[in-house]
Amino acid sequence: MTRFDWYQATIWAADPSYRGLGQHLLNAWELADLAPDRGMHGYTQGAKIIRGDKTLCRLWWGGNPGVNVTSSGEEAPVLAEALKGLGLAYGITRVDSCADWIEEGCFDSLSSHLMRFAKDNGITINQQGDWVRGQARTLYLGSPQSPIRICLYEKGYQLGGDAPRDWTRLEVRVKPKGDHRTAVAAWSPSDVFAAGWVSDALAVLGWNGLEKRAVGTVWKPSDDERSRSVLCRQYGAVMERWASEVGGWDALGASFKSLMDELRRRDQSSKKAVTASHRID
């Protein structure tokens, strides 16, 4: 069963006083108080919702647009539910969803399948912890800059104490881009497990039936794409005139191929002439 493990959103409000925003969030937790906090990540002001010495939710505003709110762990689902009843527009800046297993050999099995998928699909692999002894291991799929990342780790070792050492957690971390942030606000925890290529990765584990969902991508052009962009910028006007001369863009392809074939024939003829000249000499 999946659940939210991190929930972070930007609410389109100037500060927590707007339309009772701060009080609404405070009411989401019983016996909680609102305390001052410092701003972070470019925000100039901050506050936190606390219960005793435990921080339940952080709020930042000023310096950046909107009010940014964050909750993690068991408080993440509470924040997600509170935002749904807020009555204000917001977009998700980060959401994590997780699933847990307590089973001997689970980490080894899941990690081997996920790494094979990553290798076959050119996805970045990062291994942390002691993989020689099989202790406190973490596997990351996807680069830190990617809007989608999988994190598989040995939760029991992280918690220590009496926590079962066979406790394995799989997290899917999503940082949606642009307009996708609003769409992701309607997602359930299981929807996060269907983000982009994650649905294909989990299908390898037998997690079928996930409907792939888009979150936006960090696009990096290939060498060919960069070359084509340069070509169009430098010679776009020439190609437009050429298309006009031959009767339109549909006819340009055949005309272009004809010229390429003619130039290749000329080059081959020149090479043969040079070779023959050397033989005579």
Side-chain angles (χ1 to χ4, degrees), residues 1-11 25 28-30 32 40-41 48-51 54-60 68-86 90-103 106-107 110-111 114 126-129 136-161 163-177 180-181 183-199 201-202 205 207 210 212-213 215-216:
M1 182 175 180
T2 60
R3 69 167 180 83
F4 291 128
D5 191 55
W6 183 288
Y7 211 80
Q8 185 171 3
T10 299
I11 305 166
L25 293 175
W29 285 272
E30 294 182 354
M40 295 181 66
H41 305 298
K48 56 185 176 181
I49 297 174
I50 60 173
R51 184 188 297 125
K54 183 178 182 181
T55 298
L56 307 172
C57 180
R58 292 187 183 276
L59 299 82
W60 301 316
N68 192 275
V69 292
T70 307
S71 288
S72 60
E74 61 187 12
E75 312 308 331
V78 180
L79 176 58
E81 193 62 29
L83 290 177
K84 289 180 180 178
L86 185 59
Y90 64 94
I92 301 303
T93 50
R94 174 181 166 183
V95 59
D96 298 359
S97 185
C98 69
D100 294 309
W101 297 268
I102 300 178
E103 181 182 333
C106 182
F107 183 90
L110 296 181
S111 62
L114 288 172
N126 187 332
Q127 295 168 272
Q128 301 290 330
R137 292 168 291 178
T138 300
L139 171 67
Y140 294 100
L141 300 188
S143 72
Q145 293 76 32
S146 172
I148 302 172
R149 208 176 192 201
I150 286 180
C151 177
L152 179 74
Y153 62 101
E154 295 183 288
K155 184 69 175 179
Y157 281 97
Q158 182 202 43
L159 294 177
R165 292 298 183 262
D166 292 327
W167 184 353
T168 298
R169 171 166 291 182
L170 175 67
E171 289 181 0
V172 179
R173 302 174 179 180
V174 173
K175 296 179 180 179
K177 303 296 181 182
H180 291 283
R181 291 178 174 176
V184 173
W187 283 12
S188 67
S190 60
D191 290 331
V192 179
F193 272 58
W197 53 264
V198 173
S199 59
L202 297 186
L205 306 180
W207 206 313
L210 294 172
K212 187 175 296 186
R213 296 179 175 272
V215 296

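The NZ atom of K175 lies 9.5 Å from the OG atom of S146; values are rounded to the nearest 0.5 Å. With rounding to the nearest 0.5 Å, the separation of OH in Y140 from CZ in R173 is 5.0 Å. Taking OG1 of T10 as the reference point, atom CG of N68 lies at 4.5 Å (rounded to 0.5 Å). The distance from the CG atom of L170 to the OG atom of S97 is 9.0 Å, given to the nearest 0.5 Å. Note that CD of Q8 is 11.5 Å distant from CZ of R58, once rounded to the nearest 0.5 Å. In this structure, CH2 in W197 is found 8.5 Å from CG in L202, a value given to the nearest 0.5 Å.
Shown here for W187 and V215, the closest heavy-atom pair between the two residues is CH2-CG1, 3.3 Å. Between L79 and C57, the shortest heavy-atom distance links the atoms CD1-SG, 4.2 Å. The minimum heavy-atom distance linking A28 with V78 is given by the pair O-CG1, 3.6 Å. Closest approach of S190 to L210, counting heavy atoms only: O-CD2, 4.4 Å. Smallest separation of non-hydrogen atoms from F193 and A99: CZ-N, 4.0 Å. Between C98 and D5, the closest heavy-atom pair is SG-CB, 3.9 Å.
Between K54 and E74, at least one side-chain nitrogen of the basic residue sits less than 4.0 Å from a carboxylate oxygen of the acidic one, meeting the salt-bridge criterion.
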Does the side-chain contact (heavy atoms from CB on, under 4.5 Å) test come out yes or no for T168 and E103, once each step is laid out?
CA-CA 8 Å; T168 298; E103 181 182 333; over 6 Å; no
Might you work through the side-chain contact (heavy atoms from CB on, under 4.5 Å) test for I92 and V174, ending with a clear yes or no?
CA-CA 9 Å; I92 301 303; V174 173; over 6 Å; no
Using side-chain contact (heavy atoms from CB on, under 4.5 Å), reason through Y90 and V69 one step at a time and then give a plain yes or no.
CA-CA 10 Å; Y90 64 94; V69 292; over 6 Å; no
Test log, rule side-chain hydrogen bond (donor to acceptor under 3.5 Å, both in side chains), inputs E75 and W29:
CA-CA 9 Å; E75 312 308 331; W29 285 272; 2.8 Å; yes
What's the verdict on side-chain contact (heavy atoms from CB on, under 4.5 Å) for T138 and C151, showing C-alpha distance, side-chain angles and the deciding distance?
CA-CA 7 Å; T138 300; C151 177; 3.8 Å; yes
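Side-chain atoms of Y153 and E171 form a donor-acceptor pair, as typed in the model, at a separation below 3.5 Å.
Residues L83 and L25 are in side-chain contact: their nearest non-hydrogen atoms beyond the backbone lie under 4.5 Å apart. Side-chain contact between L139 and I150: absent, with no pair of heavy atoms (C-beta onward) separated by less than 4.5 Å. The closest side-chain heavy-atom distance from T70 to T93 is not below 4.5 Å. Within the 4.5 Å cutoff, no side-chain heavy atoms of V192 are placed close to those of T2.
Formation of a donor-acceptor pair under 3.5 Å by the R149 side chain with backbone atoms of P147 is not found in this model. Using a distance-only test at 3.5 Å, with no hydrogens or angles considered, a donor-acceptor pair links the side chain of R51 to the main chain of E30.
Both the sub-6.0 Å distance and the 45° axial angle are satisfied by R94 relative to the ring of W6.
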